[in-house]
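Below you'll find the structure, written out as structure tokens, and then a few comments.
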Amino acid sequence: MEDRFAYGLNPKKIGAVSAYLCDPSSAPAEFLLTKSQYQAETGRAVERGALFFQIRQSFPPGEVTPEEANKIGYETAMRWTKGKYQFFVCTHIDKEHPHNHIYFNSTAFDCSRKFHNFIGSSFALRRLSDRVCIEHELSVIQNPKQHSKGRFLHYGQWIGEKPPSAQQRVRWAIVEALGKKPADFAAFLRIMEESGFQVKHGRGGVISFLAPGQDKYTRLRASVLGPGFDPDDIRAVIAGDRPIPELPKDGPAPPRRVNLIIDIRERMAQGKGPAYARWAKVYNLKQMAAALQYLQEHKLTDYKELAASTEAAVDRFHALAGKLRETEAALSHTIQLMGATVEFAKTRPVFDGYKAARYSKKYLAQHEAELAAYRAAKAAMNDLLGGAKLPKMDALKKERRELSEKKKALYAEYRKAQADMRQAVAVKANIDYLLGHTDGRENKAQER
């Protein structure tokens, strides 16, 4: 750490320096002091993992001064760490292009947490850096190279591959156990135990697995392990009604949502003060930078393309919403029909007895409630069938599983389409605000 910091603070290279919650000259000692306090307060060892993280940020020759580059680096670091970690920024001018070396502690200053690098962090950091540069009216790299052609190792290779989580290990074990084609669910659980997992039977038939070396149990549930890993799904795989579930793939963090621009003059007319106006101007600048970044990422260079893309996003959302409603209605119909069929089957013997007794009043008085339930179940079943033939219970159960899986898949698409639509609509509204477009209505500024 001292060697890296000494390189960043080399007086022959440095053009500007700034810091947050530390002094660059004593940063190694201050970083280690924070780590010692963290270990004393939490009892967690700090030897494992990274001591600190470094961000490098470069600018084209002649675009910024060392002081401006350092200011941008400071803002980038502050927004990346959210003000929770010590950092300092060294701006080097030994090359034609000024560039920042940003060093931040891996342990939070309040000793509440440690920074953990995440999948897609480089993409998230690049997006943040681009957004800060756009806000300061600087250039960004339009088509960055995604690979270094083998010259460098990616982060996972550099630190050694990250060990799989307990959920990942449970998923792998389930897929491997199902690949052995167990005869029933009990045989599946035995295979899991033979693989080294402890099986826990909880209340309500809840099944949980404890992976070797883990402290907490992982529930066998789709909301925990992902689609296809519910107990009913596992039983369907064993019965041969569906294929073995696929292992989910981790994706990059979702982009930050673009919000609408604030009409400052309207808000000021409502009695907002000058401090609010200053904040709103900065807020609007950030939202316009986010809108511009959205246009660049989606290669929308023409307003008509933006309008068409927004309309397509809205249409896709409404189409998926319609499919989801239809699927939910079909699933509800199937569940109600199954319930009515079960109730009909349960009360049918009572009606048969009533019929055998030649509709005796005495029998009716003794079984009036059961006969009323029978008539209600039969009426509900006839209404649901609408004159169609009653399917077998196995067919109804299969239809329910298929509709449930379809609903899960549609709901995932629906949520993504909803987020895409909201972002596209917000971007278009911001561009309309900037260009003075009001969809056929007069501009509010012109009215005033």
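Keep in mind the model is a prediction, meaning the values are calculated, not measured.
- Expressed to the nearest 0.5 Å, how far CG of L396 lies from NE2 of H333 amounts to 9.5 Å.
- A donor-acceptor pair under 3.5 Å links the side-chain atoms of R171 to the main chain of L225, judged by distance alone.
- Closest approach of I238 and A183 over heavy atoms only: CG2-O, 3.7 Å.
- Contact check for H201 versus I207: side-chain heavy atoms found under the 4.5 Å cut-off.
- Side-chain contact between L178 and P245 is present, with heavy atoms from C-beta onward closer than 4.5 Å.
- Pairs engaging residues 351-377 under the side-chain hydrogen bond (donor to acceptor under 3.5 Å, both in side chains) rule: R348-D352 [sequence neighbours left out].
- Counting all heavy atoms, side chain and backbone alike, K114 lies closest to Y85 at C-OH, 3.6 Å.
- If you check the side chains of T34 and Q86, you find a donor sitting under 3.5 Å from an acceptor.
- Distance check, rounded to the nearest 0.5 Å: CG of L331 to CG of L324 gives 10.5 Å.
- Across all their heavy atoms, I234 and G228 have their closest contact at CD1-O, 4.1 Å.
- When only modelled atom types and interatomic distance are considered, K428 and S309 share no side-chain donor-acceptor pair under 3.5 Å.
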Checklist entry - Stepwise, does the side chain to side chain contact (heavy atoms under 4.5 Å, CB included) test hold for N100 with I55? => result CA-CA 8 Å; N100 292 325; I55 301 170; over 6 Å; no
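- Minimum heavy-atom separation, V170 to F197: CG2-CE2, 3.9 Å.
- Taking a cutoff of 4.0 Å between a charged side-chain nitrogen and a carboxylate oxygen, E305 and K299 do not qualify as a salt bridge.
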Item to check | Full working for side chain to side chain contact (heavy atoms under 4.5 Å, CB included) between R44 and Q39 | outcome: CA-CA 5 Å; R44 302 170 187 165; Q39 184 168 351; over 6 Å; no
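- Between F115 and F104, the gap from one ring centroid to the other is short of 6.0 Å.
- For F88, the ring pair (Phe, Tyr, Trp, His ring centres under 6.0 Å) partners at least two apart in sequence or on another chain are F5, Y103.
- Atom-to-atom distance recorded for T341:OG1 and M381:CE is 5.5 Å, nearest 0.5 angstrom.
- The two residues F229 and D233 come nearest to each other via the heavy atoms N-OD2, 3.8 Å.
- The main-chain N or O of R221 is never found under 3.5 Å from a side-chain atom of D230 such that the two would form a donor-acceptor pair.
- Distance check: T107 OG1 to F52 CZ gives 12.5 Å after rounding to the nearest 0.5 Å.
- Contact annotation: the side chain of R316 approaches that of E413 to within less than 4.5 Å [non-hydrogen atoms, C-beta and beyond].
- Using a 4.5 Å heavy-atom cutoff, the side chains of Y38 and D110 are not in contact.
- Partners of R325 according to the side-chain contact (heavy atoms from CB on, under 4.5 Å) rule, which considers only residues two or more places apart in sequence or in another chain, are A321.
- Just one residue in the list F109, W80, F87 forms a ring pair (Phe, Tyr, Trp, His ring centres under 6.0 Å) with Y20, and that residue is F87.
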Item to check | Full working for side chain to side chain contact (heavy atoms under 4.5 Å, CB included) between R190 and V199 | outcome: CA-CA 9 Å; R190 286 196 297 271; V199 180; over 6 Å; no
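- Partners of Q198 by side-chain contact (heavy atoms from CB on, under 4.5 Å), not counting sequence neighbours, listed by chain and number: L210, Y217.
- Here the straight-line distance linking atom CD1 of I244 with atom CD of E176 works out to 10.5 Å at 0.5 Å rounding.
- Judged purely by atom type and a 3.5 angstrom limit, H136 has no side-chain atom pairing as donor or acceptor with the backbone of I72.
- The list of side-chain hydrogen bond (donor to acceptor under 3.5 Å, both in side chains) pairs with a residue in residues 400-409, not counting sequence neighbours, reads D241-R401, R242-E405.
- By the 4.5 Å heavy-atom criterion applied to side chains, R127 and F123 are not counted as neighbours.
- For the pair F31/L51, no side-chain contact is recorded, criterion being any heavy-atom separation below 4.5 Å from C-beta on.
- When atom types are taken as modelled, the side chain of S106 and the backbone of A50 share a donor-acceptor pair closer than 3.5 angstrom.
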Next on the checklist: If you apply the rule side chain to side chain contact (heavy atoms under 4.5 Å, CB included), what do you find for L403 with T334, and how did you get there?
Outcome noted: CA-CA 9 Å; L403 288 172; T334 303; 3.6 Å; yes
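- In E311, the CD atom is not crowded: 12 or fewer heavy atoms of neighbouring residues, nucleotides or ligands sit closer than 6.0 Å.
- For the pair P231 and F185, the tightest heavy-atom approach, listed with the atom from each and the gap, is O-CE1, 4.3 Å.
- Ion pair K416/D420 flagged as a salt bridge, since at least one NZ, NE, NH1 or NH2 atom sits closer than 4.0 Å to an Asp/Glu carboxylate oxygen.
- With sequence neighbours excluded, the residues forming a side chain to side chain donor-acceptor pair (under 3.5 Å) with S332 are Q336, listed by chain and number.
- When atom types are taken as modelled, the side chain of S121 and the backbone of N117 share no donor-acceptor pair closer than 3.5 angstrom.
- In this structure, NZ in K180 is found 5.0 Å from OG in S195, a value given to the nearest 0.5 Å.
- Inter-residue side-chain proximity for K35 and L32 is flagged as met; some heavy-atom pair is nearer than 4.5 Å.
- Here the side chains of I134 and L138 are not in contact, with every heavy-atom distance at 4.5 Å or above.
- Side-chain contact of S129 with Q57: a donor-acceptor pair under 3.5 Å is present, judged by distance alone.
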